[in-house]
Number of protein chains: 2
Amino acid sequence: MEGLRDRTRRAVRAELASRALELFAERGFDETTVDDIAGAAGMSKRSFFRYFSTKEDALFGELETMGEQVAQEISARPPQEGPWECLHAVLRTWEARINAQVDVTRLVESTPALRTRLLHKRDEARTHIIRALTDRGVSQLEADLAAAAAGAALDTVAREWLRADGSTDRLALTDRVFAMLRPAFLS
Amino acid sequence: MEGLRDRTRRAVRAELASRALELFAERGFDETTVDDIAGAAGMSKRSFFRYFSTKEDALFGELETMGEQVAQEISARPPQEGPWECLHAVLRTWEARINAQVDVTRLVESTPALRTRLLHKRDEARTHIIRALTDRGVSQLEADLAAAAAGAALDTVAREWLRADGSTDRLALTDRVFAMLRPAFLS
DNA sequence: CCTTGAGTGGCACTTGGTGACATATTTTGT
DNA sequence: ACAAAATATGTCACCAAGTGCCACTCAAGG
């Protein structure tokens with residue numbers, strides 16, 4: 001079960017993340033130092049780095065284990081399912097988690113350091129996804145391409161969503177984009 | 001024309017890049033400081049940053065204007081050509097430029113900082129590619145997806161090439177991967 | 001009550017990257 | 001050929017991200 005330790009730890013993490021978001025939104029990412037964030041949450045810079053390994057992760061912290069989780073969900077899918085159907089089914093629920101609010105997504109999109117960090121996270125996840133797919137019997141090349149293409153799809157969805165100012169039905173949009181790429185993966 | 005200035009500048013850049021590669025290969029990227037590289041080339045750290053804007057760029061320097069160049073090549077394609085054919089035709093020659101030698105590609109693939117920087121470069125290029133495609137009349141969504149998918153394709157090619165230890169015919173492989181995704185872009 | 005262990009602050013340190021100033025060297029206009 | 005403008009370089013100071021280390025606090029459990 002979850003003891004007091006873990007609960008307070010989560011609370012402090014949330015507090016830091018929330019302060020960071022405030023400061024980023026009000027001053028910009030580059031103009032906010034880690035000292036600022038830590039100070040706003042009543043702690044030292046050193047302690048900040050005990051909760052988040054980089055400044056960027058104050059925004060992306062919730063996605064830390066994304067790769068493992070996605071890989072696990074993939075393994076749980078029916079084994080006869082094709083790789084693209086599988087990725088579609090799993091990732092359609094993740095899109096909303098990656099891009100929670102428009103403001104944040106817009107901030108990420110307009111801040112090179114954050115954008116870069118997000119790409120890095122996706123790339124880490126890709127590795128896990130590839131393994132999960134090959135474990136299902138998909139060939140290396142197809143698994144690799146499918147994982148990369150799925151990342152491209154999610155990225156496209158996010159930008160299209162931004163273009164519509166966050167007002168479109170994201171699940172429908174995700175389905176549409178995955179459907180566009182579907183013909184490529186009819187093994 | 002190209003005067004002495006530009007020639008020496010290119011020479012110094014090349015020298016720095018070459019020293020950097022040597023040091024990275026022998027000690028690893030993280031274990032090599034910018035001071036080391038600059039020192040090995042007989043200059044100061046400050047001057048290094050007058051040739052490369054980041055430490056990573058000592059390896060990627062030649063790709064600096066990739067985005068603009070690719071965009072320009074896209075604009076030069078026959079206007080009735082579909083977006084995917086167009087991207088395929090342009091990018092098939094770029095694959096070999098991005099991954100020149102196996103050693104370098106392997107180094108990049110195994111060094112998070114370098115991998116991240118490469119992703120960043122591709123992302124910058126993507127922006128330009130999207131513009132070039134919409135200028136040809138392609139819709140925002142399709143241009144976005146095609147550009148992202150093309151990046152995914154190149155990435156997949158690079159990794160498959162690595163798996164074969166750099167011994168496969170890369171152009172043929174590139175054509176194969178682009179052909180796989182082709183059905184998605186039959187407008 | 002005492003021990004153990006986790007969270008914290010503080011400090012020094014490394015390193016990537018930037019700005020400012022002074023000084024050569026090279027290009028260019030006359 | 002010479003002055004003026006543009007470039008290249010070094011040096012130095014500086015900022016901020018991130019890490020290692022040590023000492024301290026404080027709650028939990030025997």
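In what follows, chains carry the letters A, B, and so on, assigned in the order in which the sequence lines appear, proteins first and then strands, with residues in each chain numbered from 1.
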What are the atom names and distances for every N/O pair under 3.5 Å that joins the protein to nucleotides 13-17 of chain D?
{"residue": "D/dA17", "atom": "OP1", "partner": "A/Lys55", "partner atom": "NZ", "Å": "2.8"}
{"residue": "D/dA17", "atom": "OP2", "partner": "A/Val34", "partner atom": "N", "Å": "3.2"}

CG of B/Leu16 versus C1' of D/dT9: gap in Å, rounded?
13 Å
Please classify the nucleic acid contact of A/Tyr51 as base, sugar-phosphate, or nothing, using heavy-atom distances under 4.0 Å.
sugar-phosphate
Can you confirm if the NZ or CZ of A/Lys55 lies within 45° of the ring axis of A/Phe29 and under 6.0 Å from the centre of its six-membered ring?
yes
Over all strands shown, is B/Phe48 touching base, sugar-phosphate only, or nothing at heavy-atom distances under 4.0 angstrom?
nothing
Could you give the CD1-to-P distance, from B/Ile37 to C/dG16, as a whole number of Å?
8 Å
Do A/Gln140 and A/Asp144 have a side chain donor and acceptor closer than 3.5 Å?
no
Over all strands shown, is B/Ser44 touching base, sugar-phosphate only, or nothing at heavy-atom distances under 4.0 angstrom?
base
Set out, in order, the CA-CA distance, both residues' side-chain angles and the distance that settles salt bridge (charged side-chain N to carboxylate O under 4.0 Å, His left out) for B/Arg13 and B/Asp57, then state yes or no.
CA-CA 11 Å; B/Arg13 242 180 102 99; B/Asp57 279 13; over 6 Å; no
Any side-chain donor near an acceptor of the partner, A/Arg97 and A/Thr93, under 3.5 Å
yes
B/Glu85 meets the salt bridge (charged side-chain N to carboxylate O under 4.0 Å, His left out) criterion, sequence neighbours left out, with B/Arg182
Could you check how far CZ of A/Arg50 sits from P of D/dG20, rounded to whole Å?
12 Å
Using the six-membered ring of A/Tyr51, assess whether NZ or CZ of A/Arg9 lies under 6.0 Å from its centre and within 45 degrees of the ring axis.
yes
Rounded to whole angstroms, how far apart are CZ on B/Arg13 and C1' on D/dT9?
17 Å
Provide, to the nearest angstrom, the distance between the CE atom belonging to A/Met43 and the P atom belonging to D/dC24.
20 Å
In whole angstroms, how far is the P atom of C/dT15 from the CG atom of B/Leu23?
14 Å
Can you tell me how far P of D/dC26 sits from CZ of A/Arg9, to the nearest Å?
20 Å
